[in-house]
Amino acid sequence: MRPIDGLTVLTAAEMRTAEQASGVDEAALMDRAGAAIAEVVRRIGGGQEVLVLCGPGNNGGDGYVAASALRQAGIPVRVAALSDPRTDLARRARAGWAGPVEPIAEASAAPVLLDALFGTGLSRGLDEPVVESLHALSIRAVLTIAVDLPSGVATDSGALLSAYPGAALTLALGAPKPAHLLLPAAPLCGTVRVLDIGIAARSQASVLPVASLRSPAVDAHKFSRGMVAVVAGRMPGASALAASAAARVAGYVLLIGSATDRLPHAIVRRRWAEDALFDPRIGAVVIGPGLGPDEEARAKLNAALASDHALVIDGDALRLLDPARLRSRASPAILTPHEGEFAHLFPDVKGSKIDRARTAAGESGATVVLKGPDTIIAAPTGEVRLAARHVPWLATAGSGDVLAGLTGALLAGPDTTALAAASSAVWLHTEAARIAGPALIADDLTLALPAAIAQAGA
Ligand SMILES: NC(=O)C1=CN([C@@H]2O[C@H](COP(=O)(O)OP(=O)(O)OC[C@H]3O[C@@H](n4cnc5c(N)ncnc54)[C@H](O)[C@@H]3O)[C@@H](O)[C@H]2O)[C@@H](O)CC1
Ligand SMILES: Nc1ncnc2c1ncn2[C@@H]1O[C@H](COP(=O)(O)OP(=O)(O)O)[C@@H](O)[C@H]1O
Ligand SMILES: [K+]
């Protein structure tokens, strides 16, 4: 049983391909899955009675195999099914179960509920009587565990096809799937752990890994650690937050055109002028936090786009940007839109959150950080990282400004890529929120960054 950080994420179709390519026959895979599920249930179920709900397909097949293994291990277990099995594999698994099978509607509750109704094959919502039974049994259970996925969620989009009571634990088979990470499905999974069933997972998507930051090199100097320029505008607090966060990572932070005095003394200030960005030591420019919507903001964005610098474009600058302008630039750009800014930037891009972020990155040539409770980072190459941890206290004014500054500082640093910088920034941002704790304000995130950076190994 493994935590999901850094693991490859597979869609339903990619999972089927991986299963076929594994060289292991499907019955053996199901036996492994069922045995691994039973072992976890045995360990954490405390010997209490288990009720296994089996669906008609192979998810149900996993359920029958797990039930048989639990019985063999001496755990009291009952099985309730939606209908007879409809796949050869599931029929085989059902034949291996020596006990009775109750109809779900008539099943009485047990302390441990194992949901093996549907997995990656779910194509529509569950019938209403089944949803009602599932809720009634889950409410009476002490522990609900979902096999592969909570039954009712769409594997690839994380959409909810029918109401689900929520599991405490979801045992993902072989690899995490998008629904384990995307809203609204992700919180219904509870804790997600992966059971290894011997398939090699390959795709361009993976769970955001724990950030890995190195301490500065022994011979580092402030400029070799990275110099970041934050371009300020109408709302100086926002750029001050971005610059303060950047200063925790970069060797040198330049705040250009800010009217605020309330800044760490470590941040160097400069007036805005057309040539303010003509400094070859600048490794990345952050533009957007508090920039405003006016002509001056437009001129600043034009100057940043005309420069050779790597860019982090956030907030107000995303309202002024024509993403087509990024195509002709040689240096990398990172866009950090929330859903509203994304819809404004890419009005025609539709699909799941993963599809949208990936399409936008491909079209613009920029790395796109599509923010929210289930932040996704997509590179123009099609590589995608999905954030796994959710700290809703981050939904507070200015927290995006902190993320933009942090992203710029990491992008300005040595030996990095836009994808790596954005990934580390998103991880550190959430870790800082976890450390800052409930009721955090954006300023607290900058104070918690040193501890978050220490957690990242630096
Ligand atoms: N194929 C393999 O080699 C393996 C598959 N495994 C399991 O197999 C699952 C996928 O199995 P399946 O592809 O059979 O799919 P499911 O068991 O998820 O769904 C079964 C079938 O039910 C039907 N169905 C879909 N939505 C329905 C609804 N709302 N009401 C009624 N019927 C509905 C569909 O025909 C679907 O194919 C995985 O999630 C995993 O649990 C594991 O045993 C590991 C190995
Ligand atoms: N419900 C939530 N759970 C976790 N993180 C969230 C949630 N809502 C927003 N965030 C994160 O908080 C930050 C908010 O950024 P943004 O919307 O740009 O705010 P602002 O412009 O006020 O700084 C983003 O990093 C986003 O991913
Ligand atoms: K399930």
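Because the structure is predicted, anything quoted here is derived from the model rather than measured. Quick note: numbers below take in every heavy atom, side chains included, and nothing from hydrogens, waters or symmetry partners. Both ligands and their constituent atoms are indexed starting at 1 by order of listing. In this chain, numbering begins with 1 at the start of the sequence shown.
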of all protein heavy atoms, closest to atom 23 (O) of ligand 2 is Gly400 N, 2.6 Å

Practice task
For Arg91, look at atom CZ and say whether over 12 heavy atoms of other residues, nucleotides or ligands are found less than 6.0 Å away.
Solution key: yes

Does Arg92 come within less than 4.0 Å of Asp31, counting only side-chain N to carboxylate O? yes

Result for side chain to side chain contact (heavy atoms under 4.5 Å, CB included) between Leu255 and one of Val230, Val228, Val286, Val231 points to Val230

Checking heavy-atom distances from atom 6 (C) of ligand 2 to each of Leu394, Val402, Leu406, the winner is Leu394

Atom 8 (N) of ligand 2 sits nearest the protein heavy atom Ala395 CB, 3.4 Å

- Message: Both conditions, 6.0 Å and 45 degrees, for the charged tip of Arg71 above the ring of Trp97: are they met here?
- Response: yes

Taking 4.0 angstrom as the limit, do Lys177 and Asp156 come out as a salt bridge?
-> no

Next on the checklist: For Phe342, does the six-membered ring have the charged nitrogen or CZ of Arg356 within the cation-pi criterion, i.e. under 6.0 angstrom from the centroid and within 45° of the normal?
Outcome noted: yes

Item to complete: Give a yes/no on ligand 2: does Gly372 have at least one heavy atom closer than 4.0 angstrom to it?
Response: yes

If we number the atoms of ligand 2 from 1 as shown, the ones under 4.0 Å from a heavy atom of Ala397 are 22 (O)

Notebook entry, point to check: With a cut-off of 3.4 Å, does Val147 place any N/O/S atom under that distance from the K ion (ligand 3)?
Noted result: yes

A student checking ligand 2 against Pro373 at a 4.0 Å heavy-atom cut-off should list atoms 1 (N), 2 (C), 3 (N), 4 (C), 7 (C)

Residue Ala146, metal the K ion (ligand 3), N/O/S under 3.4 Å
no

Modelled atom types, side-chain donor and acceptor of Ser206 and Arg385, under 3.5 Å | yes

O (Phe118) to the K ion (ligand 3) to OG (Ser151), nearest 10°, is 70°

Fill in: Full working for side chain to side chain contact (heavy atoms under 4.5 Å, CB included) between Leu428 and Leu406
CA-CA 9 Å; Leu428 287 172; Leu406 193 52; 4.0 Å; yes

Check: of Lys371, His429, His338, min heavy-atom distance to atom 18 (O) of ligand 2 comes from Lys371

So the atoms of ligand 2 within less than 4.0 Å of a heavy atom of Leu403 turn out to be 25 (O)

So the atoms of ligand 2 within less than 4.0 Å of a heavy atom of Thr375 turn out to be 27 (O)

Is there an N/O/S atom in Pro150 at a distance below 3.4 Å from the K ion (ligand 3)? no

Original post:
Are any N, O or S atoms from Asp115 nearer to the K ion (ligand 3) than 3.4 Å?
Top reply: yes

The protein residues that pass the under-4.0 Å heavy-atom test against ligand 1 are Glu19, Glu26, Leu29, Met30, Pro56, Gly57, Asn58, Asn59, Asp62, Phe118, Gly119, Thr120, Gly121, Leu122, Ser123, Arg124, Gly125, Leu126, Asp148, Leu173, Ile197

